[in-house]
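Before any comments, here is the structure.
Computed over heavy atoms, backbone and side chain alike; hydrogens, waters and symmetry mates excluded. A note on names: the letters A, B, ... follow the listed sequences, proteins ahead of strands, and every chain is numbered from 1. Owing to the predicted nature of the structure, the values given are computational and were not obtained by experimental measurement.
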2 protein chains.
Amino acid sequence: MGEHRATLAAVAARAGVSPSTASLAYSGSGPVAESTRERVLAAARELGYAGPDPLARSLRRGRSGIVGAVVGERLLYAFRDPVAVALLDGIAEALSPSGTGLLLLSGDAQHGSPTPEQVSRMPVDAVVFATCGRDDDPLLDLFLRRGVPVVAVDGPDLPGITVLDIDDYGGAAELARHVAALGHHRVAVAALPLRLDGRSGLVDDARRALVGFADCRARLAATEDVFGPVPVAEAPSNVVEEGERAGRLLLAAPERPTAIIAQSDLLAVGVIRAAEALGLRVPDDLTVVGYDGIDTPWLGERVLTTVVQPIAEKGRLSGRMVTDLLAGRQPPNVHLPVQLRVGTTSARPATP
Amino acid sequence: MGEHRATLAAVAARAGVSPSTASLAYSGSGPVAESTRERVLAAARELGYAGPDPLARSLRRGRSGIVGAVVGERLLYAFRDPVAVALLDGIAEALSPSGTGLLLLSGDAQHGSPTPEQVSRMPVDAVVFATCGRDDDPLLDLFLRRGVPVVAVDGPDLPGITVLDIDDYGGAAELARHVAALGHHRVAVAALPLRLDGRSGLVDDARRALVGFADCRARLAATEDVFGPVPVAEAPSNVVEEGERAGRLLLAAPERPTAIIAQSDLLAVGVIRAAEALGLRVPDDLTVVGYDGIDTPWLGERVLTTVVQPIAEKGRLSGRMVTDLLAGRQPPNVHLPVQLRVGTTSARPATP
DNA sequence: CGATTCGATCGAATCGATTCGACCACGCGA
DNA sequence: TCGCGTGGTCGAATCGATTCGATCGAATCG
């Protein structure tokens, strides 16, 4: 404690060389005689020196070797979403060869998303908005002002930031047409969070005007372009339990819907649970469809009707985009296609 | 690009104050006249200054405000494990109030765990070994030499590091006695990775001597203390698919076991799948037990016989231990109890 | 009214490494 | 033998903020 940790200068002194030479011996940039290098390393060993201080190195170099990932929700929820996990995995894999670290900027139980003060203290060379493409995110602005390159996944398409998203509108529209073609008219939506403020329940017009996420907005718009205005129940986060609550809410309506369009597969699983708890059979009494195309072990043999997005590719691409930005290259925006998958949870409505 | 980003000194000059005063205006430590502070902030706005450079601040302060989490596996696998996720969530929650960031130090597809070079470049104030308590981990040594406080979850109990673990031996022993009491003799083990080198398959004596993880070793020892030497199939990572492969391997043996003890619930699910693929009924033809006590939606109504560890508490405690260490307090080691849960996947062996 | 705080501000040292330009000696080709 | 390129080393400036001690005027107290 009282002892100061050894510095490179101390090592250099002990080895009888100048600090600059000692630095070269460690970093490998520039010619150093083999004998000198060994003398330096020996001195380091004797002093218990574990290599250059990352902070000092970063300051001088102007880069920290760290990429931030803004997650928004608390990790416990975010990591239940295979799409988010694949994204982070893709980024981590892409960063690994260059030894770049991945810093999670996550929200906590109290406030949904990380606060600007916290985030602005973090030394990141680039940042990915992973699960929260809020249009008006103050963090976006902050990073742009700092000159930190930003990748937004499913995020707002603003000048200065690189966007990777999927065809949310197209997929949702195709899905809605599928449901309509089956003959459903009384349709309701179990929605992803409209904002990160923990609110949930039936959505009124005021709330609907506040949709802050590009993906949520596109999916909702596509649905209503097919069916007209529909009841919407908002889940405060993308987990099965909240889907179940939203499902109960929608199924309690006086005019019970014959189909529920969930904005994610996790929510869809919850809706199915809610339906079964009420004694309804899926798809005979209620059609339930999702979005994402993740594994749904909860459903056993049943296959969820959903829109499949290319999850693994999204992960890989997001990783590539980040490394490109770090290397000073500006990758183009990417818009991935999606595919309707008709499973066994959608069917014609029972004729009353 | 050609433009240099504004520095605090530039802001100070523009505001007509000294750099030290400008610093005080930002950090809030020390008295500054309200008028001065506003002048500084105005100057900052005009220059597009987004606050002090985190790197410079960290260097001076001697802390980075970042905690590292060593994950070992690639994220795609690590995050499928609810125990690991709960751990990270607990840490993130505990760190959040102080604005401390969480840096993932993960392995990639190539090498299991992060390389020492990568890790030693990372500016961390403390580090948690989350899912990889390797005894001989070179990273441990590195951090200790650097003077970085280390928390090891399920990790090796070495001097200088703080340990949070569960009663692995006790739980596994109780579980083994349960299986023995049912009348099983031909028992096999589906094991967690013995080392992080991607190897898998049946374990011979040479390999067995290499067990590098405290939890895996304890569970195996407890099992063999009850049953004597048993066949062991190693899974290269803790995911359902690898459990299935290990299960197939064990069930292909000439003397088919009547019970398989999986070292995790995820592996147990895989083993059950393998059994069912072979037309075996669980638990009638084969008893399968796990470890951890996570949700297993794959199993439908069935309840896995397993050892339940207090996952949420583990997360909370690990978070608290880290914050304690950051505050300069040395928390005591913690050893959490576990509990046997008898479900519907274990039964007496069929009498032949 | 003189002595003493106290609040506000400034100068200068500091954190620990990297890097640029200078320097020296040596070997090689002309 | 002279000049030149080059491998190896060193000094000093630099990265951008924080912080300690000093300073100075104004307010407080005896």
Side-chain angles (χ1 to χ4, degrees), chain A residues 3-41 43-44 47-65 120-125 145-148, chain B residues 3-41 43-44 47-65 120-125 145-148:
Chain A
E3 281 271 18
H4 278 323
R5 204 143 287 282
T7 72
L8 183 55
V11 172
R14 177 161 191 124
V17 299
S18 79
S20 27
T21 305
S23 172
L24 292 184
Y26 263 99
S27 70
S29 55
V32 175
E34 189 52 36
S35 63
T36 314
R37 144 178 270 108
E38 274 170 16
R39 210 140 35 86
V40 171
L41 295 179
L47 293 177
Y49 179 74
D53 181 327
L55 288 172
R57 159 198 287 259
S58 300
L59 173 58
R60 185 67 242 257
R61 288 233 172 125
R63 347 187 83 209
S64 61
S120 66
R121 293 197 200 302
M122 293 305 162
V124 291
D125 292 339
R145 278 237 300 289
R146 268 235 152 70
V148 175
Chain B
E3 281 272 17
H4 277 324
R5 205 142 287 281
T7 72
L8 184 54
V11 171
R14 176 160 193 125
V17 299
S18 79
S20 27
T21 305
S23 172
L24 293 183
Y26 264 98
S27 70
S29 53
V32 176
E34 188 53 35
S35 64
T36 314
R37 146 180 268 108
E38 274 169 16
R39 210 139 35 86
V40 171
L41 295 180
L47 293 175
Y49 179 73
D53 182 326
L55 288 171
R57 159 198 287 260
S58 301
L59 173 59
R60 185 66 241 259
R61 288 236 171 122
R63 344 189 85 208
S64 63
S120 67
R121 293 196 201 301
M122 293 304 160
V124 291
D125 293 338
R145 278 236 303 288
R146 269 233 152 69
V148 175

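- Residues Val40(B) and Thr21(B) form no side-chain contact, since every pair of their non-hydrogen atoms from C-beta on lies 4.5 Å or further apart.
- Residue Val17(A) comes nearest to Thr36(A) through the heavy atom pair CG1-CG2, 3.8 Å, listed as atom of the first residue, atom of the second, then distance.
- In this structure, Arg121(B) atom CZ and dT18(C) atom C1' are separated by 13 Å, rounded to whole Å.
- The phosphate of dC15(D) has neither OP1 nor OP2 within less than 4.0 Å of any side-chain N or O from Arg63(A).
- Here dG16(D) presents its P atom at 14 Å from CG of Leu47(B), a figure rounded to the nearest Å.
- Note on Ser23(B): a base of the nucleic acid sits closer than 4.0 angstrom, heavy atoms only.
- Look at Tyr26(A) and you won't find any side-chain N or O under 4.0 angstrom from OP1 or OP2 of dG16(C).
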I'd like a list of close polar pairs between nucleotides 12-14 of chain C and the protein, N/O only, cut-off under 3.5 Å.
residue: dT14(C); atom: O2; partner: Arg60(B); partner atom: NH1; Å: 3.2

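- Closest to the side chain of Ser29(A), from the set dG16(C), dT19(C), dA17(D), is dT19(C).
- Atom C1' of nucleotide dC15(C) and atom CG of Leu8(A) are separated by 14 Å, given to the nearest angstrom.
- Ser64(B) and Pro123(B) make their closest contact through OG-O, 2.7 Å (heavy atoms, listed as atom of the first residue, atom of the second, distance).
- For residues 6-17 of chain B, the set of pairs meeting the salt bridge (charged side-chain N to carboxylate O under 4.0 Å, His left out) definition, not counting sequence neighbours, comprises Arg14(B)-Glu46(B).
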Filtered N/O pairs between nucleotides 4-9 of chain D and protein, under 3.5 Å:
residue: dT9(D); atom: OP1; partner: Thr36(A); partner atom: OG1; Å: 2.4
residue: dT9(D); atom: OP2; partner: Ala33(A); partner atom: N; Å: 3.0
residue: dT9(D); atom: OP2; partner: Thr36(A); partner atom: OG1; Å: 3.2

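- Of all nucleotides listed (dT18(D), dG16(C), dT18(C)), dT18(C) comes nearest to the side chain of Arg57(A).
- Here dT18(C) presents its C1' atom at 10 Å from CG of Leu59(A), a figure rounded to the nearest Å.
- Across every non-hydrogen atom of Val32(B) and Arg37(B), the tightest pair is CG1-N, 4.0 Å.
- Distance alone, capped at 3.5 Å, is enough to place a donor-acceptor pair between the Arg5(B) side chain and the Arg145(A) backbone.
- Rounded to whole angstrom, the span from the CG atom of Leu55(A) across to the P atom of dT18(D) amounts to 14 Å.
- Put simply, the side chain of Ser120(A) reaches to within 4.5 Å of the side chain of Arg146(A), judged on heavy atoms.
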What would the secondary structure line of DNA chain D be in dot-bracket form, counting Watson-Crick and G-U wobble pairs under 3.5 Å, with [ ] for pairs that cross earlier ones and | for pairs with another strand?
-> ||||||||||||||||||||||||||||||
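- Screening residues 51-65 of chain B for salt bridge (charged side-chain N to carboxylate O under 4.0 Å, His left out), with sequence neighbours left out, gives no hits.
- Between Tyr49(B) and dA17(D) there is a side-chain polar atom (N or O) within less than 4.0 angstrom of OP1 or OP2.
- Residue Tyr26(B) comes nearest to Ala44(B) through the heavy atom pair OH-CB, 3.3 Å, listed as atom of the first residue, atom of the second, then distance.
- In this structure a side-chain-to-backbone donor-acceptor pair under 3.5 Å is missing from Arg121(B) to Pro54(A).
- Remark: Leu59(A) pairs with Leu55(B), Ala56(B), Leu59(B) by the side-chain contact (heavy atoms from CB on, under 4.5 Å) rule, at least two apart or across chains.
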